[in-house]
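Okay, so here's the structure we're looking at.
All residue numbers refer to positions in the sequence shown, counting from 1.
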Amino acid sequence: MNRIAVFVDVQNIYYTTRQAYGRQFNYRKLWQKISAEGEIVIANAYAIHRGDDSQMKFQNALKHIGFNIKLKPYIQRSDGSAKGDWDVGIAIDVMDTAPEVDTIILLSGDGDFDLLLERIKRKYGVKAQVYGVPALTANSLVSSATEFFPIEQELLL
């Protein structure tokens, strides 16, 4: 049985699907699609905690589907910019998990993950699948993936 680990860059998926389609991503449909390919042994969704009701409902829905939610506080800087980046946390968790699974699935369009995917493929022999919005996913990330799955209409609400 194909052992699968799923890692979701929630902010990236939220903003790219909203920008490209004006719609939200359908996590339940994703879960159904992936679980048909094997056993999901770990599924982490990385998000920013702002504490508002709609965000908490969304996080509870993800938990109900089967995701572990990892939260970082939302930080508003004095210059007005915001911080809440999970890239290093995602990379650490992927590296820790890769030896235990057959397939790593990353939901993100962030090209910073290209080196990570190259490393886990080479070092652990895992498949590295990426789901991302085609127009907003870095070419380097697509190239580093074993398979790229475009986020299009069937994976949107």
Fill in the blank from the handout: Residue set satisfying salt bridge (Lys or Arg N to Asp or Glu O under 4.0 Å) with K127, at least two apart, ordered chain then number -> none
Exercise for the section: Tell me, please, which residues at least two apart from E154 pass side chain to side chain contact (heavy atoms under 4.5 Å, CB included). Expected result: E152
Completion exercise
Excluding V88, membership of its hydrophobic cluster (Ile, Leu, Val, Met, Phe, Trp, Tyr; side-chain heavy atoms within less than 4.5 Å) reads I92
Handout entry: K29 NZ to L155 CG distance, which is reported to the nearest 0.5 Å
Key = 8.0 Å
Practice task
Begin from the C-alpha positions of L30 and L107 and carry the test side chain to side chain contact (heavy atoms under 4.5 Å, CB included) through to its verdict.
Solution key: CA-CA 10 Å; L30 172 80; L107 277 76; 3.6 Å; yes
Exercise for the section: Look only at the side chain of N12 and the backbone of G109, and say whether a donor-acceptor pair between them is shorter than 3.5 Å. Expected result: yes
Handout entry: Listed partners of T103 passing side-chain hydrogen bond (donor to acceptor under 3.5 Å, both in side chains), at least two apart
Key = N2
Handout entry: Partner residues of D9 under the side-chain hydrogen bond (donor to acceptor under 3.5 Å, both in side chains) criterion, sequence neighbours left out
Key = S108
Using a 3.5 Å cut-off and no angle test, enumerate the donor-acceptor pairs between side-chain atoms of residues 116-126 and protein atoms at least two apart in sequence or in another chain.
| from | atom 1 | to | atom 2 | distance (Å) |
| --- | --- | --- | --- | --- |
| K121 | NZ | S144 | O | 2.7 |

Handout entry: Within-4.5 Å side-chain heavy-atom neighbours: D110 and D87
Key = yes
Practice task
Report the hydrophobic cluster partners of L157, with the cluster defined as I, L, V, M, F, W, Y residues connected by side-chain heavy atoms closer than 4.5 angstrom, directly or transitively.
Solution key: none
Exercise for the section: Any side chain to side chain donor-acceptor pair (under 3.5 Å) involving residues 51-60? Give me the pairs, sequence neighbours left out, ordered by first then second residue. Expected result: D52-S54
Exercise for the section: Mark yes or no for whether K63, through its side chain, and I69, through its backbone, hold a donor-acceptor pair below 3.5 Å. Expected result: no
Show which side-chain atoms of residues 129-142 pair as donor or acceptor with protein atoms under 3.5 Å away, not counting sequence neighbours.
| from | atom 1 | to | atom 2 | distance (Å) |
| --- | --- | --- | --- | --- |
| Q129 | NE2 | E147 | OE1 | 2.9 |
| T137 | OG1 | V133 | N | 3.3 |
| T137 | OG1 | V133 | O | 2.7 |
| S140 | OG | D114 | OD2 | 2.9 |

Problem - Any V8 side-chain heavy atom under 4.5 Å of F25 side chain - result: no
Problem - Residue list, ring-ring contact (aromatic ring centres under 6.0 Å, His included) with Y46, at least two apart or on another chain - result: W86
Residues 34-42, side-chain donor-acceptor partners within the protein, below 3.5 Å, at least two apart:
| from | atom 1 | to | atom 2 | distance (Å) |
| --- | --- | --- | --- | --- |
| S35 | OG | W31 | O | 2.8 |
| S35 | OG | Q32 | O | 3.2 |

Exercise for the section: Please report the shortest heavy-atom distance between L62 and A45, naming the atom on each side. Expected result: CD1-CB, 3.9 Å
Exercise for the section: For this output row, return yes or no: ring centroids of F113 and F7 closer than 6.0 angstrom. Expected result: no
Completion exercise
Looking only at heavy atoms, the pair that brings I151 and I13 closest together is CD1-CD1, 3.8 Å
Practice task
Indicate if I65 and I4 have the same hydrophobic cluster label, given that clusters are the connected sets of ILVMFWY residues with side-chain heavy-atom separations under 4.5 angstrom.
Solution key: yes
Exercise for the section: Quick one: which residue pairs count as a salt bridge (charged side-chain N to carboxylate O under 4.0 Å, His left out) with a foot in residues 94-109, not counting sequence neighbours? Expected result: R3-D102
Exercise for the section: Decide yes or no for I90 and L106: does some side-chain heavy atom of the first lie under 4.5 Å from some side-chain heavy atom of the second? Expected result: yes
Exercise for the section: Tell me, with the steps shown, if Q11 and K72 meet side chain to side chain contact (heavy atoms under 4.5 Å, CB included). Expected result: CA-CA 12 Å; Q11 260 56 34; K72 270 191 176 182; over 6 Å; no
Practice task
Check the hydrophobic clustering (I, L, V, M, F, W, Y; side-chain heavy atoms under 4.5 Å; chains of links allowed) and say if F148 and V6 are grouped together.
Solution key: no
